[in-house]
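Inspection log for the structure reproduced underneath, given as structure tokens.
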Amino acid sequence: MFIDGAWVEARSGQTFDVTNPATGEMLGTVPAGDATDATSAIDAAHNAFPAWSSTTAYERSRLLYRAWELMTERSEELAQLMTSEQGKPLKASRAEVKYAADFLIWFAEEAKRVTGEWLPSQRPDQRFLSVKAPVGVVAAVTPWNYPISMLTRKMGPALAAGCTLVLKPAEATPLCARATFEVFVDAGMPDGVINLVTAADPGPIGDVFTGDPRVAKLTFTGSTAVGRALAAKSAVNLQRISVELGGHAPFIVFPDADPVHAAKGAAALKFLNAGQACISPNRLYVPTSLRSAFEETLCSRVEKLQTGNGMDEGIGVGPLVNDSAVSKVEMQVEDAREKGAGVPVGGVRLTEGEHANGHFFAPTVLTDVCDGMAIYREETFGPVAPVIGYEDPEQVVELANDTNYGLAAYVYTRDIAVAMRAFEGLRFGIIGINDVNPTSASVPFGGMGDSGIGREGGHEGISEYLETKTGGFAI
Ligand code: NAD
């Protein structure tokens, strides 16, 4: 762990093991921090805040720029570590490290764009000034599915704004978190500004984060259930919160779309990170007129996907994070099959040969999926593409909106008016129009409804770590 400028063990001396989800091989051991370690980390962040928040935006920008340079230099070793620890294919890990570094350079630049305003007064002897101030100590909790970029997406803007922070990464990916912290440490972050607490049991750390009045802001990415519970606890101290939670993305193919192009897009998008992405499509709405062309292309693409150790050449789908993730996917597929869905491709756990020691599920296509099946409403977080037929294009946006989640949605059409109406009608935070990658460090990322509160990235990303101060000057 990294607390107050030093790499330390847990006070208790306890550790936990980290394993490779593709092979079961042990990768290393990390400290199992507890509530006392989390409190020490908050002490350090609290003590470092006055000096760090007084640095100039130019100084903070230079440090973030240096971190970007170091992350870029180390990108290959970081990508290899990510594939070993998290499982995604090496090519995808390389893309994630680049995405992670993008947040550093973006917020190195945004640090210098935080400005204030002169505002009008009704009194001739009065002047109003409104400025932005960093919120204070930030507590961050991050997930395993994007184990480096989810850290930089929080650390970049928090540090740029002048906040200090304490971060707890997911139990499955603490080595990626350690390597990310090494980048910041080597870039020259002053002692106490960034603190890392690893833990096998996240509950007590969450209690400290939400219960300590010195923590001004909680930023969380993970499941809706945990985000909701943490938000409820943090309300007691009136902490500011950003929670980026689960999703259940619709992918709508309109009748005028090219079904082959749309199916290729769906196949590319759905199986990224083995489907373990909050913006992964979970409902593919395809009009009856295009179903056979769409399903044929989708199935032929999915059949060709190779599943295995992400380090191996040609692998398109890696393992899932653990065995219970495989069981959840299996349960959703079985439930759909029992209720009448077709399973033209995949549909089974992979347990033989090279898959024997990992957590693998075959890339799967389900057809004739309908409401009433678990997969229609529950987030899958696995490599399963559920196709839902529909008749009426006037109603499909309504069907897509019929979810408590509101993170990402995708639309395929060749008609600009259809695209614009869908964009306006869909209640989701991120919408791809003929586009399977509507994300970037330069744009806001986040959802509506049960998908969370707040936005990361873009100009808004830094505002989550700032608050407004108004000065009235009688002159
Ligand atoms: P999770 O909620 O189980 O874990 C996320 C983090 O919360 C981990 O660090 C975990 O240790 C921690 N945590 C769990 N219980 C805690 C507690 N009581 N107190 C404090 N921390 C606690 O989710 P996960 O399985 O790691 O991640 C998958 C979920 O994350 C999916 O639902 C996915 O959609 C979501 N996700 C959302 C986004 C987004 O930006 N919206 C991005 C990635 C993942």
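All ligand and atom numbering here is 1-based and tracks the order in the structure.
Judged by distance alone, the side chains of Asp17 and Thr19 never bring a donor and an acceptor atom under 3.5 Å apart. A side-chain N or O of Lys154 and one of Thr219 form a donor-acceptor pair less than 3.5 Å apart. No hydrogens or angles considered: a donor-acceptor pair under 3.5 Å links the side chains of Thr468 and Lys132.
A heavy-atom distance below 4.5 Å is found between the side chains of Leu167 and Phe181. Using a 4.5 Å heavy-atom cutoff, the side chains of Asp450 and His248 are not in contact. Residues Asn145 and Asn273 meet the side-chain proximity criterion, which asks for heavy atoms closer than 4.5 Å.
Using a 4.0 Å cutoff on heavy atoms, Phe220 counts as a contact of ligand 1. In this structure, Ile205 has no heavy atom closer than 4.0 Å to ligand 1. Not a single heavy atom of Gly447 lies less than 4.0 angstrom from ligand 1. The shortest heavy-atom distance from Arg153 to ligand 1 is under 4.0 Å. The closest approach between any non-hydrogen atom of Pro169 and ligand 1 is below 4.0 Å. Residue contact annotation: Trp144 has a non-hydrogen atom under 4.0 Å from ligand 1.
With atom 15 (N) of ligand 1 as the reference point, the heavy atom nearest to it among Val226, Asn322, Leu230 is part of Val226. For atom 41 (N) of ligand 1, the candidate residues are Leu245, Thr142, Asn145; the nearest heavy-atom contact is made by Leu245. Of the candidates Gly227, Ala408, Gly222, it is Gly222 that places a heavy atom closest to atom 29 (C) of ligand 1. Here atom 11 (O) of ligand 1 lies nearest to Glu171 when heavy atoms of Glu244, Met150, Lys233, Glu171 are compared.
The single protein non-hydrogen atom nearest to atom 31 (C) of ligand 1 is Phe381 CZ, 3.3 Å, given as residue, atom name and distance. With respect to atom 3 (O) of ligand 1, the closest heavy atom belonging to the protein is Ser223 OG, 4.0 Å. At the top of the distance list for atom 22 (C) of ligand 1, counting protein heavy atoms only, stands Pro202 CB, 3.4 Å. Remark: minimum distance from atom 34 (O) of ligand 1 to any protein heavy atom is reached at Glu379 OE2, 2.7 Å. Summary of contacts: the protein heavy atom closest to atom 18 (N) of ligand 1 is Gly203 CA, 3.7 Å. The protein heavy-atom contact nearest to atom 12 (C) of ligand 1 is Val141 CG1, 3.6 Å. The nearest heavy-atom contact from the protein to atom 38 (C) of ligand 1 is Cys278 SG, 2.9 Å.
In Phe445, the part holding a heavy atom less than 4.0 Å from any atom of ligand 1 is the side chain.
Ring geometry, Tyr285 versus Tyr376: the interplanar angle exceeds 60°, so the pair is classed perpendicular (tilted spans 30 to 60°). Between Phe381 and Trp144, the ring-plane angle classifies as perpendicular under the 30° and 60° cut-offs.
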(request) Start with the C-alpha gap between Leu159 and Leu63, add the side-chain angles, then the distance that decides, and say whether side-chain contact (heavy atoms from CB on, under 4.5 Å) holds. (result) CA-CA 9 Å; Leu159 295 169; Leu63 280 169; over 6 Å; no
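Here the two rings, on Phe184 and Trp68, have centers that are 6.0 Å apart or farther.
Side chain of Glu85 to backbone of Cys176: a donor-acceptor contact under 3.5 angstrom is found.
For atom 9 (O) of ligand 1, a protein heavy-atom neighbour is found at a distance under 4.0 Å.
Short contacts between ligand 1 and Ala170, defined as distances under 4.0 Å to a heavy atom of the residue, involve ligand atoms 8 (C), 9 (O). Against a heavy-atom cut-off of under 4.0 Å, Leu407 is close to the following atoms of ligand 1: 41 (N).
Closest approach of Trp52 and Pro190 over heavy atoms only: CZ3-CD, 3.7 Å.
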